[in-house]
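Have a look at the structure below, then the notes.
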Amino acid sequence: MKKNRFIYKTFRRKSIQKIEKKMKLLGTNYKLNVYTFLTLRLVLAILIFGFLFTFSKYNFIVAPVLTVLFYHYFERILLDYQIKKRAKKLESEAIFFFQIVNLTLESSRNLKYAVEITSNNVESELSDEFKKTYTEMKLGKSFNEALNDMKERIPSDSINSIILNLTEASIFGNSIIATINNQIEYLQDKKLLEIKEIINKLPTKISIISVLFFIPIMLLIILGPVLIKYLI
């Protein structure tokens, strides 16, 4: 309670809710909580400001500017970057996960059973999220309510689209096999494009490495004898 009072007295409710929303997107296994994050960022910002103000030559300019930059990028590095990284990981896992769901659906025709069997037999972070969904169902939530809550923990629009389709299939009882196959194909194409993008960037990276390392070495080899003669 004291922690909650400190948070709500120090920070705006809107800021707290924004951080809480982002932390949900980092999944059930994320250890840092809202109180720890906000307190750590505030304390570090104060320490950085105090250090720069004390030891920097242009303290009136450097201290506030660098502290504001730290305050902003602390959230981007610890939350935004990790959310993007997790989204890619989940999308990669989703291809295999939903392929198994489809295979199970073809044999059982029971959506809840297919998802539960898959999540219990496939080891992945996406499986852990579905396991949490089924744990919430045991505590009293309906299948659709648990799936809607799960969407708040998933940072991928593609996976959330599949979850929405699962919800609709549960309500209306329609077949979802073809829909999931389409989503799997989309995720595969998306992953392929990401790989192509990485490959296309390789020549630029290699050129930069060549400029920084190989050209100075070549110059040293070519000019070495001349320098040696000059020094002798």
Side-chain angles (χ1 to χ4, degrees), residues 1-94 119 124-164 166-167 190 194:
M1 291 297 294
K2 289 182 179 179
K3 291 180 179 181
N4 290 337
R5 287 198 204 102
F6 172 78
I7 288 175
Y8 284 103
K9 284 181 179 179
T10 310
F11 304 97
R12 294 182 304 165
R13 185 177 294 271
K14 189 176 179 180
S15 300
I16 296 168
Q17 289 173 346
K18 185 183 77 169
I19 298 298
E20 284 178 338
K21 187 177 179 180
K22 286 185 177 182
M23 286 190 166
K24 280 184 179 180
L25 293 175
L26 289 168
T28 56
N29 298 325
Y30 192 68
K31 303 301 181 183
L32 205 63
N33 58 44
V34 178
Y35 170 78
T36 305
F37 176 86
L38 291 173
T39 306
L40 181 64
R41 184 174 66 174
L42 180 62
V43 170
L44 287 176
I46 293 170
L47 290 174
I48 289 170
F49 181 85
F51 178 83
L52 292 172
F53 193 83
T54 304
F55 297 102
S56 178
K57 184 177 180 181
Y58 304 101
N59 52 7
F60 287 99
I61 298 172
V62 173
V65 170
L66 291 183
T67 302
V68 169
L69 287 173
F70 164 80
Y71 199 85
H72 175 69
Y73 282 101
F74 185 80
E75 180 179 334
R76 292 192 65 177
I77 294 170
L78 257 67
L79 298 181
D80 295 351
Y81 173 75
Q82 295 298 327
I83 288 169
K84 289 180 181 179
K85 186 178 176 182
R86 184 170 185 259
K88 289 183 179 180
K89 182 183 179 183
L90 290 176
E91 286 176 357
S92 180
E93 294 174 350
S119 60
S124 66
E125 195 168 338
L126 185 60
S127 297
D128 292 339
E129 292 299 337
F130 274 103
K131 286 175 186 175
K132 181 176 175 61
T133 296
Y134 278 91
T135 301
E136 290 176 348
M137 287 170 61
K138 290 177 183 178
L139 296 174
K141 287 186 178 180
S142 68
F143 183 61
N144 294 335
E145 287 174 340
L147 284 178
N148 285 329
D149 288 344
M150 181 181 170
K151 286 170 64 179
E152 296 180 1
R153 304 192 301 270
I154 302 296
S156 167
D157 292 336
S158 302
I159 298 176
N160 282 334
S161 178
I162 298 175
I163 295 171
L164 179 62
L166 293 176
T167 306
K190 187 177 179 181
E194 288 174 356

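Sequence positions, counted from 1, serve as the residue numbers for this chain. Below, all heavy atoms of this structure are taken into account, side chains as well, without hydrogens, waters or symmetry copies.
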Nearest non-hydrogen partners of Leu90 and Pro155, listed with the distance: CD1-CD, 3.7 Å
Ile83 and Leu26, any side-chain heavy atoms less than 4.5 Å apart: yes
Test side chain to side chain contact (heavy atoms under 4.5 Å, CB included) applied to Leu40 and Phe74, step by step: CA-CA 10 Å; Leu40 181 64; Phe74 185 80; 3.9 Å; yes
Between CG on residue Leu147 and NZ on residue Lys141, distance to nearest 0.5 Å: 11.0 Å
Glu93, Lys85, Glu91 screened by side-chain contact (heavy atoms from CB on, under 4.5 Å) with Lys89, the one that passes: Glu93
Thr133 OG1 to Asn144 CG distance, which is reported to the nearest 0.5 Å: 11.5 Å
Side-chain heavy atoms of Asn160 within contact of Leu164, under 4.5 Å: no
Chi angles and distances behind the side chain to side chain contact (heavy atoms under 4.5 Å, CB included) call for Leu79, Phe37: CA-CA 10 Å; Leu79 298 181; Phe37 176 86; 3.7 Å; yes
Check: Glu129 main-chain N/O paired with Arg153 side-chain donor or acceptor under 3.5 Å: yes
Heavy atoms from other residues, nucleotides or ligands near NZ of Lys84 exceed 12 (cutoff 6.0 Å): no
Donor-acceptor under 3.5 Å (Thr39 side chain, Tyr35 main chain): yes
Met137 versus Ala146, closest heavy-atom pair with distance: CG-CB, 3.9 Å
More than 12 heavy atoms of other groups within 6.0 Å of Phe53 CZ: yes
More than 12 heavy atoms from other groups under 6.0 Å of NZ on Lys24: no
CD1 on Ile61 to CG on Leu52, rounded to 0.5 Å: 13.0 Å
CG-CG distance between Leu42 and Leu47, expressed to the nearest 0.5 angstrom: 9.5 Å
Least distance between heavy atoms, Ser158 atom then Lys190 atom: OG-NZ, 4.2 Å
Interatomic spacing from CG in Leu66 to CZ in Phe49 - rounded to 0.5 Å: 11.0 Å
Rounded distance [0.5 Å steps], CD in Glu20 versus CZ in Arg13: 9.5 Å
Glu194 and Lys88 ion-paired at < 4.0 Å: no
Step-by-step side chain to side chain contact (heavy atoms under 4.5 Å, CB included) determination, Glu75 to Ile19: CA-CA 9 Å; Glu75 180 179 334; Ile19 298 298; 3.7 Å; yes
Leu25 backbone acceptor or donor facing Arg86 side chain under 3.5 Å: yes
Evaluation steps, side chain to side chain contact (heavy atoms under 4.5 Å, CB included), between Leu166 and Phe130: CA-CA 12 Å; Leu166 293 176; Phe130 274 103; 4.2 Å; yes
